[in-house]
Amino acid sequence: MPHLELTYPRPDIAVLTLNRPEKLNALNYELVEEFHSALDELGANNDCRVVVLTGAGRGFCSGLDLTDPSPPQAGGGTEFPRSGMRWQERIANLTARIHRLRQPVIAAVNGPAYGGGFGFALACDIRIASESARFCTQFIKLGLGGCDIGVSYTLPRIVGAGPAFDLILTARVVDADEALRLGLVSRLSDSVVDDALAIAETLCGYGKFGLESTKQVMWANLDAGSLEAALHLENRSQILSSTGGGIGDASAAFHHRQR
């Protein structure tokens, strides 16, 4: 049975489902490699415009599976500590690859999102959560540093530095209601995948270039050095958007909805 399922409920929407429900979708070597392969496919898919990321069963992703040691090939055939660094980088690069996807990614958090699972959710562009969702950095509890798989970059940008220090240093568990108050998720849902798909359908109704550039500009301007720098990027994106053939159709659809 595959450790990850990539399905297309319609050609322009993909659903990535982490599929180790008996382990709350904990990460092992096979799941990590299948995740990379799925991201390769999505990156080359010009029809897919939005991705939904979720977990099978009652969990989103509980982090690294400590009961399933990684095989020698995970270290790229090197000896420790080089092998450990290769495996660390391989897992952490999933966060960067989610972040770099041109398609907006919606995290449908259906249960615990701990450790690496929390990192994956933070790398997504939109997060919605079920009432059973739980979030925890967890790393420091394992005797490691509290900063891993990108959380020291993504979490402060989502909830602010103060709450991020609290969550990373204490590794306390945040329930769905607190996650909503913190802005960690944008909404709660009784059916996260269905609602994520509804959001995806809305996004697919917008211009192709406009949707892609909006994701790119938003993330780029979180690191902009000034308002002027942000405006320069926005201005160029708007002019490029206006030269595309899809703007006429998008404008007509917008005016039709206003009637």
Side-chain angles (χ1 to χ4, degrees), residues 9 13 15-27 50-66 94-95 98-99 104-142 144-203 214-215 218-219 222:
I13 298 174
V15 178
L16 262 176
T17 306
L18 307 180
N19 190 35
R20 298 186 72 212
E22 74 285 356
K23 294 282 189 176
L24 291 178
N25 304 310
L27 302 170
V50 184
V51 178
V52 174
L53 175 62
T54 193
R58 59 187 182 87
F60 181 75
C61 175
S62 58
L64 185 64
D65 187 349
L66 300 178
L94 287 169
T95 305
I98 294 168
H99 182 72
V105 184
I106 304 168
V109 184
N110 56 310
Y114 285 11
F118 190 25
F120 294 158
L122 293 172
C124 295
D125 306 294
I126 298 173
R127 283 159 300 283
I128 65 175
S130 69
E131 289 289 349
S132 63
R134 299 290 182 269
F135 302 88
C136 179
T137 57
Q138 188 161 265
F139 309 112
I140 204 167
K141 293 180 179 179
L142 305 175
L144 303 170
C147 302
D148 196 8
I149 201 164
V151 299
S152 61
Y153 179 89
T154 52
L155 187 58
R157 283 164 173 75
I158 294 168
V159 302
F165 268 89
D166 176 8
L167 299 184
I168 291 173
L169 281 170
T170 66
R172 65 183 180 85
V173 176
V174 173
D175 65 18
D177 289 333
E178 184 178 4
L180 182 63
R181 291 197 302 272
L182 288 172
L184 184 57
V185 301
S186 57
R187 64 186 82 176
L188 301 184
S189 168
D190 293 329
S191 182
V192 285
V193 173
D194 288 344
D195 285 349
L197 289 172
I199 296 171
E201 289 183 12
T202 297
L203 299 187
T214 298
K215 170 174 177 169
M218 282 289 295
W219 280 110
L222 282 174

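Please read these numbers as outputs of a predicted model, since none were measured by experiment. Here, residue 1 is the first one in the sequence, and each next residue gets the next number.
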Trainee: Can you tell me if D148 uses its side chain to pair, donor with acceptor, with the backbone of G116 under 3.5 Å?
Mentor: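 Pair absent, no side-chain N/O of D148 close to backbone of G116.
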Trainee: Does any part of the side chain of L188, heavy atoms only, come nearer than 4.5 Å to the side chain of I128, both counted from C-beta?
Mentor: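 Of all side-chain heavy-atom pairs linking L188 with I128, none is under 4.5 Å.
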Trainee: So do the side chains of V51 and I98 get within less than 4.5 Å of each other, counting heavy atoms only?
Mentor: no
Trainee: Give, for atom CG of L155 and atom CG of L184, the distance between the pair rounded to the nearest 0.5 Å.
Mentor: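 The CG atom of L155 sits 6.5 Å away from the CG atom of L184.
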Trainee: Given the rule in the side chain to side chain contact (heavy atoms under 4.5 Å, CB included) test, do E201 and V50 qualify, once you have shown the distances and angles that lead to the verdict?
Mentor: CA-CA 8 Å; E201 289 183 12; V50 184; over 6 Å; no
Trainee: If you define the side chain from C-beta out and look only at heavy atoms, does anything of L24 sit under 4.5 Å from C61?
Mentor: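 In short, these two side chains do not touch, never coming nearer than 4.5 Å.
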Trainee: Determine the minimum heavy-atom distance between V159 and G183, stating which atoms define it.
Mentor: CG1-C, 4.3 Å
Trainee: So do I126 and C124 actually touch side chain to side chain, heavy atoms under 4.5 Å?
Mentor: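 C124 does not reach I126 side chain to side chain.
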Trainee: When you measure from the side chain of N110 to the backbone of G57, do you find a donor-acceptor pair of N or O atoms at a distance under 3.5 Å?
Mentor: yes
Trainee: What's the spacing between H99 NE2 and L122 CG if we round to 0.5 Å?
Mentor: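 Taking NE2 in H99 and CG in L122, the distance rounds to 12.0 Å.
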Trainee: Is there side-chain contact between V52 and V15, with heavy atoms separated by less than 4.5 Å?
Mentor: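 Contact flag for V52/V15 side chains = yes.
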Trainee: Taking the side chain as C-beta and beyond, is there a heavy-atom pair between L167 and V151 under 4.5 Å?
Mentor: no
Trainee: So does D125 get a backbone contact from the side chain of K215, meaning a donor-acceptor N/O pair under 3.5 Å?
Mentor: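 Absent.
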Trainee: Does the plane of the ring in F135 sit parallel, tilted or perpendicular to the ring in F118? Use 30° and 60° as the thresholds.
Mentor: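 Because their plane-to-plane angle lies in the 30° to 60° range, the rings of F135 and F118 count as tilted.
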Trainee: Please give me the minimum heavy-atom distance between G160 and P163, naming the atom from each residue.
Mentor: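 Between these two residues, the closest heavy atoms are O-CD, 3.6 Å.
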Trainee: Please evaluate residues Q138 and S62 with respect to the criterion side chain to side chain contact (heavy atoms under 4.5 Å, CB included), reporting the C-alpha separation (whole Å), side-chain torsions for both, the decisive distance (0.1 Å), and the verdict.
Mentor: CA-CA 10 Å; Q138 188 161 265; S62 58; 6.0 Å; no
Trainee: What are the two closest heavy atoms between V109 and A121, and how far apart are they?
Mentor: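 Heavy atoms only, the tightest pair is CG2-CB, 4.3 Å.
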Trainee: Do you see a donor-acceptor pair shorter than 3.5 Å between the side chains of S191 and S189?
Mentor: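 Looking only at side-chain atoms, S189 and S191 do not form any donor-acceptor pair under 3.5 Å.
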Trainee: To the nearest 0.5 Å, tell me how far I149 CD1 sits from T95 OG1.
Mentor: 3.5 Å
Trainee: Please check this pair: side chain of R127 against backbone of A107, looking for a donor-acceptor N/O pair closer than 3.5 Å.
Mentor: no
Trainee: For the pair R58 and E22, find out whether any cationic side-chain nitrogen is under 4.0 Å from an anionic carboxylate oxygen.
Mentor: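 Result for this pair is no, no salt bridge flagged.
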Trainee: Please answer whether the main-chain N or O of G55 pairs with a side-chain N or O of N25 as donor and acceptor at a distance below 3.5 Å.
Mentor: no
Trainee: Check whether any side-chain heavy atom of L197 lies under 4.5 Å from a side-chain heavy atom of I13, and answer yes or no.
Mentor: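 Yes, at least one pair of side-chain atoms sits under 4.5 Å.
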Trainee: What's the spacing between L142 CG and L66 CG if we round to 0.5 Å?
Mentor: 6.0 Å
Trainee: Rounded to the nearest 0.5 Å, how far does CG of D190 lie from OG of S130?
Mentor: 9.0 Å
Trainee: Is there a donor-acceptor pair closer than 3.5 Å between any side-chain N or O of T137 and the backbone N or O of F139?
Mentor: no
Trainee: Return the OG1 to CZ distance between T17 and F60, rounded to the nearest 0.5 Å.
Mentor: 10.0 Å
Trainee: Should R134 and E178 count as side-chain neighbours, where that means a heavy-atom distance under 4.5 Å?
Mentor: no
Trainee: Using atom types as modelled and distance alone, determine if a side-chain donor or acceptor of T54 lies under 3.5 Å from a backbone N or O of L16.
Mentor: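 Absent.
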Trainee: Please check this pair: side chain of R20 against backbone of A26, looking for a donor-acceptor N/O pair closer than 3.5 Å.
Mentor: yes
